Amino acid sequence: MRGDKMTINKKYLVIILIVFLTRSSYAHEPLYGLGPDVLFKGALNPHLTFQFDKHKTEHEFAFGYGITRNWTGVVETPFLIENGKYNLESVMLKSNYRFYKLDKPGLSYKAAFISELELPPSADEDKTLHCALTAGQESLRFYWFTYLGYQYNLTNNSFANGNQVNYGVTLGMRFNKPDYYKPDFVLLLESTGSSHQKSGATIESPPSNGGSNFEIAPTFILTYRNWALRGGMQFGVLNPRNVEKTETNAKITIEVHL
């Protein structure tokens, strides 16, 4: 009888762990990179992001909606503050479709296809489409995420760099015992990179564009029930040759699930 009771208790423990991962891991994904998490059907996810370096500050207002249990739509509106001016930088329409999910006791594997359309307010700026595949593992202790994407310039109106390949790998660890009713802290180390082609604006496009960038960012995730605070600092570590090097910048995001 006692053996049966212990078996039943283990089954309940497995169910609790799976439910915990499903409910509380929504914000456990990269801050600078991409992750495969989606919202549950009908969920609302407003969030506010601040990003700044020594030259400029950017605010981003975003709103996510769970269209289905595997498909999330997001609208993002980044505002750039530079030289005392406050301007809408673009409107970004994002789709995140999770096509794979496998839950095990204390462990969850996910994969998703992400597409993002960027629409700048000025007709002189390039409209871009970014598509990416992303996958990751979330567990009670360790995390990893990876993505590979391609950004395509739909208009080629400017002399800026052309299409680009984007990629990233993130490793993370939780140092505390997870509890949905207590604050949860996860530390991540993100690496992101991009390879830029030359601009296709004109045949006489300046030769001083095209090249590569690579960045490293220590970040953190602090969650409490349906609230999350994510933050970190990004450093450009690769000589980008003809591409403007990524400036050291800090980023913080506040979000809630409703």
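Not measured: the values here are computed from a predicted model. The figures here come from the full heavy-atom set of this structure, side chains too, leaving out hydrogens, waters and symmetry mates.
Between D184 and N176 the shortest side-chain heavy-atom distance falls below 4.5 Å. Side chains of T77 and L88 form a contact here, defined as non-hydrogen atoms less than 4.5 Å apart. Two residues are said to be in side-chain contact when any heavy atoms from C-beta on lie closer than 4.5 Å; R230 and E29 meet this criterion. With a 4.5 Å cut-off on side-chain heavy atoms, L140 and L107 do not count as touching. At a threshold of 4.5 Å between non-hydrogen side-chain atoms, the residues F145 and P36 count as touching.
Under the side-chain contact (heavy atoms from CB on, under 4.5 Å) criterion, N249 pairs with Y32, Q51, D53, Q234, T246, sequence neighbours left out. Considering only residues two or more places apart in sequence or on other chains, F142 meets the ring pair (Phe, Tyr, Trp, His ring centres under 6.0 Å) condition with none of them. Applying the side chain to side chain donor-acceptor pair (under 3.5 Å) rule to T146 yields no partners; only residues at least two apart in sequence or on another chain are considered. Residues meeting the side chain to side chain donor-acceptor pair (under 3.5 Å) test with S191, sequence neighbours left out: none. Take Y100 and apply the ring pair (Phe, Tyr, Trp, His ring centres under 6.0 Å) test, not counting sequence neighbours, and it matches no residue. Annotation: side chain to side chain donor-acceptor pair (under 3.5 Å) contacts of T134 (sequence neighbours excluded): none. E190 pairs by the side chain to side chain donor-acceptor pair (under 3.5 Å) definition with T219, not counting sequence neighbours. Partners of F113 according to the side-chain contact (heavy atoms from CB on, under 4.5 Å) rule, which considers only residues two or more places apart in sequence or in another chain, are F99, S115, C131, L133. In terms of the side-chain contact (heavy atoms from CB on, under 4.5 Å) criterion, residue partners of P78 (sequence neighbours excluded) are, by chain and number, E58, E60, E89, S90, M92. Under the side-chain contact (heavy atoms from CB on, under 4.5 Å) criterion, S194 pairs with Q164, N166, H196, N213, sequence neighbours left out.
Using a 3.5 Å distance cut-off with no hydrogens or angles, the side chains of H55 and E247 do pair a donor with an acceptor. Judged purely by distance below 3.5 Å, without hydrogens or angles, the side chains of T128 and N153 never pair a donor atom with an acceptor atom. Residues S95 and W71 bring a donor and an acceptor atom of their side chains to less than 3.5 Å of each other. Judged purely by distance below 3.5 Å, without hydrogens or angles, the side chains of Y150 and N163 pair a donor atom with an acceptor atom.
In the hydrophobic cluster analysis, where Ile, Leu, Val, Met, Phe, Trp and Tyr join through side-chain heavy atoms closer than 4.5 angstrom, L129 is grouped together with L148. Residues L229 and L187 are members of one and the same hydrophobic cluster, defined by side-chain heavy-atom contacts under 4.5 angstrom among Ile, Leu, Val, Met, Phe, Trp and Tyr. Side-chain heavy atoms closer than 4.5 Å link hydrophobic residues (I, L, V, M, F, W, Y) into clusters, and following such links, even through other members, never connects I216 to L31. Under a hydrophobic clustering in which Ile, Leu, Val, Met, Phe, Trp and Tyr are joined whenever their side-chain heavy atoms come within less than 4.5 Å, directly or via other members, F40 and L44 fall into different clusters.
Note on E138 versus K110: salt bridge recorded, some NZ/NE/NH1/NH2 to OD/OE distance being below 4.0 Å.
Hydrophobic side-chain contacts under 4.5 Å tie L34 into a cluster, directly or through other members, with I114, Y147.
Heavy atoms from other residues, nucleotides or ligands lying under 6.0 Å from CZ of F52 number 12 at most.
Taken to the nearest 0.5 Å, the OG atom of S139 stands 9.0 Å off from the CE atom of M173. Atoms CD and CD, from Q151 and E116 in turn, are 8.0 Å apart once rounded to the nearest 0.5 Å.
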Derivation and outcome, salt bridge (Lys or Arg N to Asp or Glu O under 4.0 Å), residues D103 and K101: CA-CA 7 Å; D103 289 327; K101 187 174 187 289; 2.5 Å; yes

Pair L188-L171, side chain to side chain contact (heavy atoms under 4.5 Å, CB included): steps then yes or no: CA-CA 6 Å; L188 304 172; L171 300 176; over 6 Å; no

Verdict with reasoning, K41 to I67, per side chain to side chain contact (heavy atoms under 4.5 Å, CB included): CA-CA 6 Å; K41 183 177 180 180; I67 302 170; over 6 Å; no

Verdict with reasoning, E215 to T192, per side chain to side chain contact (heavy atoms under 4.5 Å, CB included): CA-CA 5 Å; E215 305 88 19; T192 55; 2.7 Å; yes

CA sep, side-chain torsions, deciding dist, call: V75, K94, side chain to side chain contact (heavy atoms under 4.5 Å, CB included): CA-CA 6 Å; V75 178; K94 183 177 178 180; over 6 Å; no

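Using bins of under 30°, 30° to 60° and over 60° for the plane-to-plane angle, the ring pair F220/F185 lands in the parallel bin.
Formation of a donor-acceptor pair under 3.5 Å by the T248 side chain with backbone atoms of F235 is not found in this model.
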